[in-house]
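Worth knowing before you read on, the calculation uses all heavy atoms, side chains too, and leaves out hydrogens, waters and symmetry mates. Numbers restart at 1 for each chain; the letters A, B, ... are given by sequence-line order, proteins then strands.
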Number of protein chains: 2
Amino acid sequence: MSMAEETAGTEASPWGEVTPDAARRLLLAAVEAFAERGYHATTTRDIAGRAGMSPAALYIHYKTKEELLHRISRIGHEKALDILRTAARAEGSPTERLAEAVSSFVRWHAGGRTTARVVQYELDSLGPEARAEILALRRQVDAEVRGIIEEGVASGEFDVPDVRGTTLAVLSLCIDVARWFNVDGPRTPEEVGTLYAGLVLRMVGAGEAAGAAQR
Amino acid sequence: MSMAEETAGTEASPWGEVTPDAARRLLLAAVEAFAERGYHATTTRDIAGRAGMSPAALYIHYKTKEELLHRISRIGHEKALDILRTAARAEGSPTERLAEAVSSFVRWHAGGRTTARVVQYELDSLGPEARAEILALRRQVDAEVRGIIEEGVASGEFDVPDVRGTTLAVLSLCIDVARWFNVDGPRTPEEVGTLYAGLVLRMVGAGEAAGAAQR
DNA sequence: GATCGCGCTAAGCGCCCGCTCACCCATCCC
DNA sequence: GGGATGGGTGAGCGGGCGCTTAGCGCGATC
């Protein structure tokens, strides 16, 4: 009832694919609760209550509380991967594509902080098989960013001595936005995205070549 | 019994000041448990068991489970602040001091990943008053790093359009090391510290001035 | 308009949580 | 040697947890 405006601030929350309606409401309630208090501190009674249902209703749509987290995590990672893939496979130089990848990835983590928090920080609460599935998605995320950086190195635009380490650092920087970003703070997701894209280009040495060309 | 080698790998864990001995063993057990499973998923029975004591023994030394987390968090933040202060107030140019600050801060997060994880990621599990106290320490941490960057801008060594935002990004980058660093992984804390110091110097535009001077 | 099936609820099971309490046993002071 | 002190234990409390089950209301079907 109070979460109807969810579609407004966030960039088109990807929960549209979840059906039926009651299952989606429960998932949305779980995302909110997990983000606020963490998975283990959230009770099934709390989730059901936020969705306006009785505790037992949850188990009609999901086998366990963990299945809720698993579904949230998979959908979230797929969305994150989709964002990076779109940026990585767009037209343009590695510099342009890296900037777009970072800024859109950061925008997602800042704007959809609620979801991103759960997706990025509750991984350990999953069981072994579910975690393994999510880790495979993470490896694809890493490969996507590493690909852009490698292309930039190959083209001479970037100067990166340690590609794997720098990829790790870039992703780490973006992901941690979900931890500290505050919706009531002074910065919009767009501003943070722009700031971070600039910082990352410096990290890969993209400014130097551009600067040298200008001189 | 199995945690006697704690002093080996880690850089002189700061728990020496905690007395008596039983209280320190409980604190150490709590750090391990909180880092592995999170605060809410850890039971007092688990903590006491790791320390080789009965569940009731915990309440002789600590009023509640939360007091354990509070103590860990305060000691950890004080140690982190101490590390940054030492680097910030050393002799040398802003470039040298920023590099030393980042590399030592990162070494602490990687080497003492167990402690750092609890310190950096379980803040929300504290009550309002305890959290407020810790947040004050965090503001001092931020001010220390911002100070170095401001000096570098003033001296012309750095080129930083957004000092507050860049400070945030630098700290975020360092802190997130505690999330992904793996002791069994390919990198030592020293290597990550060196890598990150280089990346941060690029973020503040320190390479440019040096590069320009070399040309 | 009776039947069926599905989404949902009320009630509650068994378990384990944080925490307490009555008591134990070394050590130390006199 | 007797008594106080303080770190420690075993048993257990009230309560809240994840999850189950019996049954209810209601729209679709014929």
Check your understanding: Hey, does S54(A) reach any base, or is it just sugar-phosphate, or nothing, if we go heavy atoms under 4.0 Å?
Key -> base

[X] side-chain N/O to [Y] backbone N/O, donor-acceptor pair under 3.5 Å:
X: K65(A); Y: T42(A); value: yes
X: R97(A); Y: A87(A); value: no
X: R107(B); Y: P189(B); value: no
X: Q120(B); Y: A178(B); value: no

Point to revise | Residue pair V31(B) / W15(B), side-chain heavy-atom distance below 4.5 Å | key: yes

Practice item. Check whether any side-chain heavy atom of L58(A) sits under 4.5 Å from a side-chain heavy atom of M53(A), and report yes or no. Key: no

Review point. Rounded to whole angstrom units, what separation is found between the CD1 atom of I47(A) and the C1' atom of dG16(D)?
Key: 15 Å

Check your understanding: Roughly, in whole Å, what's the span from CG in L58(B) to P in dG7(D)?
Key -> 14 Å

Exercise for review: Using a strict 4.0 Å threshold on nitrogen-to-oxygen distance, state whether R89(B) and E144(B) make a salt bridge.
Suggested key: yes

Review point. So does R138(B) pair up with D142(B), basic N to acidic O under 4.0 Å?
Key: no

Practice item. Check DNA chain C against residues 59-70 of chain B and give the residues with a non-hydrogen atom under 4.0 Å, in numerical order. Key: Y59(B), T64(B), K65(B)

**Study point:** Result of checking T166(B), D162(B), L168(B) against R164(B) for side-chain contact (heavy atoms from CB on, under 4.5 Å)
**Key:** D162(B)

Where do N or O atoms of nucleotides 21-25 of chain D meet protein N or O atoms at under 3.5 Å, pair by pair?
none

Revision key, fill the gap. Bounded by its outermost nucleotides with an atom under 4.0 Å from a heavy atom of chain A, the footprint on DNA chain C reads dC8(C) to dG12(C)

Practice item. Taking atom types as modelled, find out whether H77(A) and Q140(A) have a side-chain donor-acceptor pair closer than 3.5 angstrom. Key: no

Point to revise | Closest-nucleotide ordering on DNA chain D, the 5'-leading residue of R45(A) and A57(B) | key: A57(B)

